[in-house]
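The model shown is predicted, which means the values in this text are computed figures rather than measured ones.
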Amino acid sequence: CFLCHRLLQYSHNQWKVLYESLKNVNAAIGRAAMVVTKDQDIFDGIDKEILAQRVAEAKFLRALYLFEIVKNWGQAPLILEEPTSPSTTSQLDSGSDFYRQILADLQDVMDSSLPMKQTSANYGRVSKAAAKHLRSLVYLTRGYQSYAEADDFKKAYDDAVDVIKNSGHTLLDDFVTSVDVRYDAR
C-alpha cells in the first residue's frame with residue numbers, strides 16, 4: 001500500500017538522520033580532549049571555558065537525539081562513541097538504558113558553565129533552561145514506561161515549574177502567537 005510505503009520511508013529517513021546526527025555529536029564529545037586550547041597555543045587555541053561549553057552543548061544534542069530515538073523505537077542501538085569503522089552488527093539496548101544516558105548527559109549540561117538563559121548575542125545556543133525543559137519532558141515521558149521511577153512525574157513537574165518561574169523566560173499570554181509566523185519573540 002502506498003501509505004505504508006511512505007510511513008516506512010519516513011521512519012527510515014528519521015532513523016538515518018538521528019543516527020547521523022548522533023555520530024557527529026559523539027565525535028565532538030570524543031574529540032574534545034584533542035582540541036588545542038589557549039594554554040597550548042595562545043594564537044590558535046580555543047579558550048578552555050568555551051570548549052567546555054561546546055561539549056555541554058554537544059551533550060544536550062546527544063540527549064535530544066537519544067530521546068527522539070527512544071520515543072520512536074523504544075529499543076535501539078545506544079551508540080555513545082564515534083564509529084571508527086563500519087559495523088555490520090548491532091544490539092538493541094533497552095529504553096531504560098537510553099533514559100539513564102539521556103539524564104546523565106542532561107545532568108552534565110546542568111553542571112556546566114552554560115548560562116541559565118542565553119544572551120541575545122547567543123540566541124539559539126543551548127542554555128541550562130533548555131536542558132531543564134528537555135529533562136522535564138524526559139521525566140514525563142519515562143513516567144509512562146514500565147521501568148519508570150516512582151518520582152518521574154514529580155521531577156517533571158518540578159523542572160517545568162522551575163523553568164517557568166526562574167529561567168528568565170516567560171510564557172506567552174496567547175498560544176496563537178506561538179504559531180503566528182508574523183510573531184517573533186526575540
Side-chain angles (χ1 to χ4, degrees), residues 17-18 20-71 79-82 98-143 149 151-175 177-186:
V17 167
L18 286 168
E20 285 175 355
S21 301
L22 186 59
K23 172 187 64 84
N24 292 336
V25 295
N26 283 336
I29 294 165
R31 295 182 188 190
M34 296 177 279
V35 171
V36 176
T37 58
K38 288 269 188 211
D39 58 337
Q40 296 166 314
D41 184 335
I42 191 73
F43 298 108
D44 292 326
I46 187 172
D47 183 87
K48 281 185 175 182
E49 185 65 27
I50 299 295
L51 177 59
Q53 289 179 351
R54 297 304 174 259
V55 170
E57 290 174 335
K59 286 189 174 190
F60 172 87
L61 291 172
R62 180 167 70 185
L64 179 63
Y65 301 147
L66 292 175
F67 185 46
E68 287 300 319
I69 290 167
V70 75
K71 281 192 318 181
I79 300 171
L80 301 175
E81 294 180 6
E82 176 185 17
F98 270 80
Y99 280 101
R100 192 172 10 269
Q101 182 62 47
I102 292 164
L103 291 169
D105 281 344
L106 291 174
Q107 188 59 53
D108 287 348
V109 176
M110 295 306 298
D111 293 339
S112 76
S113 64
L114 287 174
M116 181 56 76
K117 180 180 179 183
Q118 288 289 1
T119 63
S120 59
N122 286 316
Y123 182 80
R125 295 203 82 92
V126 175
S127 66
K128 288 183 181 180
K132 192 169 272 197
H133 170 76
L134 178 57
R135 190 171 68 181
S136 177
L137 294 173
V138 168
Y139 283 133
L140 182 63
T141 305
R142 185 177 72 173
E149 294 187 10
D151 59 349
D152 278 348
F153 292 125
K154 181 179 181 343
K155 287 179 179 178
Y157 173 82
D158 290 345
D159 276 353
V161 168
D162 188 47
V163 170
I164 292 167
K165 291 185 175 181
N166 302 315
S167 70
H169 296 283
T170 58
L171 294 175
L172 297 174
D173 293 329
D174 181 9
F175 172 75
T177 58
S178 70
V179 293
D180 187 342
V181 295
R182 296 172 295 164
Y183 181 78
D184 185 357
R186 282 186 270 167

Exercise. Could you walk me through whether Asp105 and Phe60 pass side-chain contact (heavy atoms from CB on, under 4.5 Å), step by step?
Key: CA-CA 7 Å; Asp105 281 344; Phe60 172 87; over 6 Å; no
Quiz item: Would you say Ser136's side chain and Lys132's backbone share a donor-acceptor pair under 3.5 angstrom?
Solution: no
Quiz item: Is it true that a side-chain atom of Lys155 and a backbone atom of Tyr139 form a donor plus acceptor pair closer than 3.5 Å?
Solution: no
Quiz item: Less than 4.5 Å apart, any side-chain heavy atom of Thr141 and any of Phe67?
Solution: yes
Quiz item: Would you say the side-chain atoms of Asp152 pair up with the backbone N or O of Glu149, donor to acceptor, closer than 3.5 Å?
Solution: yes
Quiz item: Less than 4.0 Å between a side-chain N and a carboxylate O, is that true for Glu20 and Lys23?
Solution: no
Quiz item: Which heavy atom in His169 sits nearest to a heavy atom in Ala129, and how many Å separate them?
Solution: CD2-CB, 3.9 Å
Practice problem: Test side-chain contact (heavy atoms from CB on, under 4.5 Å) on Arg54 and Val35 and set out the steps. | Solution: CA-CA 11 Å; Arg54 297 304 174 259; Val35 171; over 6 Å; no
Practice problem: Please indicate whether His133 has more than 12 foreign heavy atoms, meaning atoms of other residues, nucleotides or ligands, lying under 6.0 Å from its NE2. | Solution: no
Quiz item: Which atoms form the tightest heavy-atom contact between Phe43 and Lys38, and what is the distance?
Solution: O-NZ, 4.4 Å
Quiz item: Heavy atoms, side chains only, cut-off 4.5 Å: are Ser127 and Gln118 in contact?
Solution: yes
Quiz item: Would a 4.5 Å heavy-atom cut-off, applied to side chains only, mark Gln53 and Leu114 as touching?
Solution: yes
Quiz item: Any side-chain heavy atom of Lys59 sitting closer than 4.5 Å to one from Val55?
Solution: yes
Quiz item: Looking only at heavy atoms, which two atoms of Ala131 and Met110 are closest? And how far apart?
Solution: CB-SD, 3.9 Å
Quiz item: When rounded to the nearest 0.5 angstrom, what is the spacing between CG in Leu66 and CZ in Phe98?
Solution: 6.0 Å
Quiz item: Do Arg135 and Val109 come within less than 4.5 Å of each other through their side chains, counting heavy atoms only?
Solution: no
Self-check item: Result of checking Asn24, Leu22, Val25 against Leu61 for side-chain contact (heavy atoms from CB on, under 4.5 Å)
Solution: Val25
Self-check item: More than 12 heavy atoms of other groups within 6.0 Å of Lys71 NZ
Solution: yes
Quiz item: Would you call Ile29 and Leu80 a side-chain contact if the rule is heavy atoms closer than 4.5 Å?
Solution: no
Practice problem: Could you grab the distance from atom CD of Glu82 to atom CG of Asn26, nearest 0.5 Å is fine? | Solution: 8.0 Å
Quiz item: Does some side-chain heavy atom of Gln40 sit less than 4.5 Å from a side-chain heavy atom of Thr37?
Solution: yes
Self-check item: Exam field: side chain Asp41 to backbone Asp44, donor-acceptor pair closer than 3.5 Å
Solution: yes
Self-check item: Leu171 CG to Ile164 CD1 distance, which is reported to the nearest 0.5 Å
Solution: 4.5 Å
Quiz item: Which heavy-atom pair separates Leu103 from Arg142 by the least distance, and what is that distance?
Solution: CD1-NH1, 3.5 Å
Quiz prompt | Note, Val163 side chain near Asp159 side chain (heavy atom, < 4.5 Å) | solution = no
